[in-house]
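To start, the structure under review is shown below, and the notes come after it.
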Amino acid sequence: TANYLSPYSSANPVASYYSGISQYPPLYPLLLALSGGGESLLMAHIVTTTCLLFSLVVIYGLANSEGMSRWQSLGVSTFFALLPGTYIQALSIHSENLYTLTSLLGLMFISLYEKSEKPPYLLAAATMIACASLVRTAGIALVIAFIIYLFLREAKQKYRYMVIVILPIIIWLAFQSDNETSYLAALSGFYSNDFLQILTAHLTSQTHYVLNAWTSSFTTGIFGTELLYALLLVCITSALYRTYRKKI
């Protein structure tokens, strides 16, 4: 898709065909296209890895904004950098690194807004979360969380921020409406018969995949699996506590 969108050369016929049937959001291939990643595998790796490196900086900034000391924030950022899951993602030209960067920027700007109550931070947060949803459709979960957050915090001009965060994904889905391989078409076909039974089976299998992904992000073997599940419970409890405090 980056090759098809590239302004620097004519698209490969295979790339043109693939771009026409791709169901993936456009922001990551567009970034690669504008930076020369559509022609150069090396440049595509450089841009993708740069997103990861900037993510480490943002993790530091987010942790610091949430009240951690400089050394604690550096420790969190370093810990994330050394995770096996981070290393595995760094080897490939995947959109995960750009998604990590945009979603973390959104969270950091929200944290800065809570400390200062300055509207520009909330505007920046809405923009980054909108970008995250255009990198990976998983960003829709962050969009929904942000909208709920706006109402819980009774933010001024919340409807303005809602438009900013929702409109881009709606426009992209509208452009995809005639694509038989689009996400909406795939979901419609998948859940058209016996919705509840298929949904239950899907959630069961996806929960299994998510648990496997959780452990494989921390270890390449089976050592310490019980400890990682305990850590997961701590994280879920922390998320619930943050929700209770009206924090995203």
Side-chain angles (χ1 to χ4, degrees), residues 1-55 58 85-106 124 126-144 146 163-193 198-199 202 205-206 209-210 213 216-217:
T1 306
N3 179 264
Y4 173 74
L5 296 173
S6 175
Y8 308 118
S9 65
S10 299
N12 182 294
V14 175
S16 300
Y17 171 76
Y18 178 80
S19 182
I21 64 170
S22 174
Q23 63 179 198
Y24 298 113
L27 199 57
Y28 178 61
L30 182 61
L31 174 64
L32 293 183
L34 295 177
S35 61
E39 288 78 28
S40 169
L41 198 63
L42 174 61
M43 183 55 67
H45 273 291
I46 290 173
V47 171
T48 305
T49 305
T50 299
C51 291
L52 173 61
L53 295 176
F54 276 117
S55 296
V58 177
T86 305
Y87 170 72
I88 291 169
Q89 287 299 332
L91 295 176
S92 303
I93 303 174
H94 289 164
S95 60
E96 276 83 352
N97 289 331
L98 180 58
Y99 177 74
T100 301
L101 176 60
T102 51
S103 57
L104 285 173
L105 279 169
T127 303
M128 286 297 102
I129 291 172
C131 287
S133 70
L134 291 178
V135 176
R136 298 185 65 81
T137 49
I140 293 174
L142 192 56
V143 169
I144 295 171
F146 181 65
V163 170
I164 292 172
V165 82
I166 292 175
L167 192 59
I169 193 71
I170 291 177
I171 293 174
W172 174 66
L173 290 173
F175 271 107
Q176 274 213 320
S177 60
D178 295 332
N179 187 348
E180 294 182 357
T181 61
S182 68
Y183 268 107
L184 291 180
L187 288 174
S188 177
F190 192 78
Y191 290 111
S192 58
N193 298 315
I198 294 175
L199 179 63
H202 199 197
S205 64
Q206 291 301 312
Y209 293 144
V210 168
S216 63
S217 291

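One is the number of the first residue; the rest follow in order along the sequence. Hydrogens, waters and symmetry mates are skipped; everything else that's a heavy atom, side chains included, is used.
Once rounded to the nearest 0.5 Å, the distance linking CG of Leu134 with CG of Leu31 reads 13.0 Å. Distance check: Cys131 SG to Leu105 CG gives 9.5 Å after rounding to the nearest 0.5 Å. Rounding to the nearest 0.5 Å places OG of Ser95 at 8.5 Å from CD of Gln89. To the nearest 0.5 angstrom, Leu98 atom CG is 10.5 Å from Leu30 atom CG. Within the model, atoms CZ of Arg136 and OG1 of Thr102 stand 10.5 Å from one another, a figure rounded to the nearest 0.5 Å. In this structure, OH on Tyr99 lies 14.5 Å from SG on Cys51, to the nearest 0.5 angstrom.
The shortest distance between side-chain heavy atoms of Leu52 and Thr100 does not fall below 4.5 Å. Side-chain atoms of Ile88 and Ser216, non-hydrogen and from C-beta on, never get closer than 4.5 Å to each other. Between Ile93 and Tyr28, the closest side-chain pair of non-hydrogen atoms falls below 4.5 Å. Between Ser6 and Glu39 there is a side-chain heavy-atom pair separated by less than 4.5 Å. Within the 4.5 Å cutoff, the side chain of Leu142 has no heavy atoms near those of the Phe146 side chain. Ser35 is listed as a side-chain neighbour of Val47, based on a closest heavy-atom distance under 4.5 Å. At a threshold of 4.5 Å between non-hydrogen side-chain atoms, the residues Ser22 and Tyr18 count as touching. Within the 4.5 Å cutoff, the side chain of Leu42 has heavy atoms near those of the Ile46 side chain.
Annotation for Asn97 and Ser55: closest pair O-OG, 3.7 Å, computed over non-hydrogen atoms. When all heavy atoms of Gly106 and Ile129 are compared, the pair lying nearest together is CA-CG1, 4.2 Å. In plain terms, the two heavy atoms of Ala2 and Ala33 that are nearest each other are O-CB, 3.3 Å. The two residues Tyr4 and Ser19 make their nearest non-hydrogen contact at CD2-OG, 3.1 Å. When every heavy atom of Gly36 is checked against every heavy atom of Tyr8, the shortest pair comes out as N-CE1, 3.8 Å. For the pair Ala130 and Ile164, the tightest heavy-atom approach, listed with the atom from each and the gap, is CB-O, 3.6 Å.
The closest donor-acceptor contact from the side chain of Ser205 to the backbone of His202 lies under 3.5 Å.
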For this session: Kindly indicate, with the supporting measurements, whether the criterion side-chain hydrogen bond (donor to acceptor under 3.5 Å, both in side chains) is fulfilled by Tyr24 and Thr137.
Result: CA-CA 8 Å; Tyr24 298 113; Thr137 49; over 6 Å; no
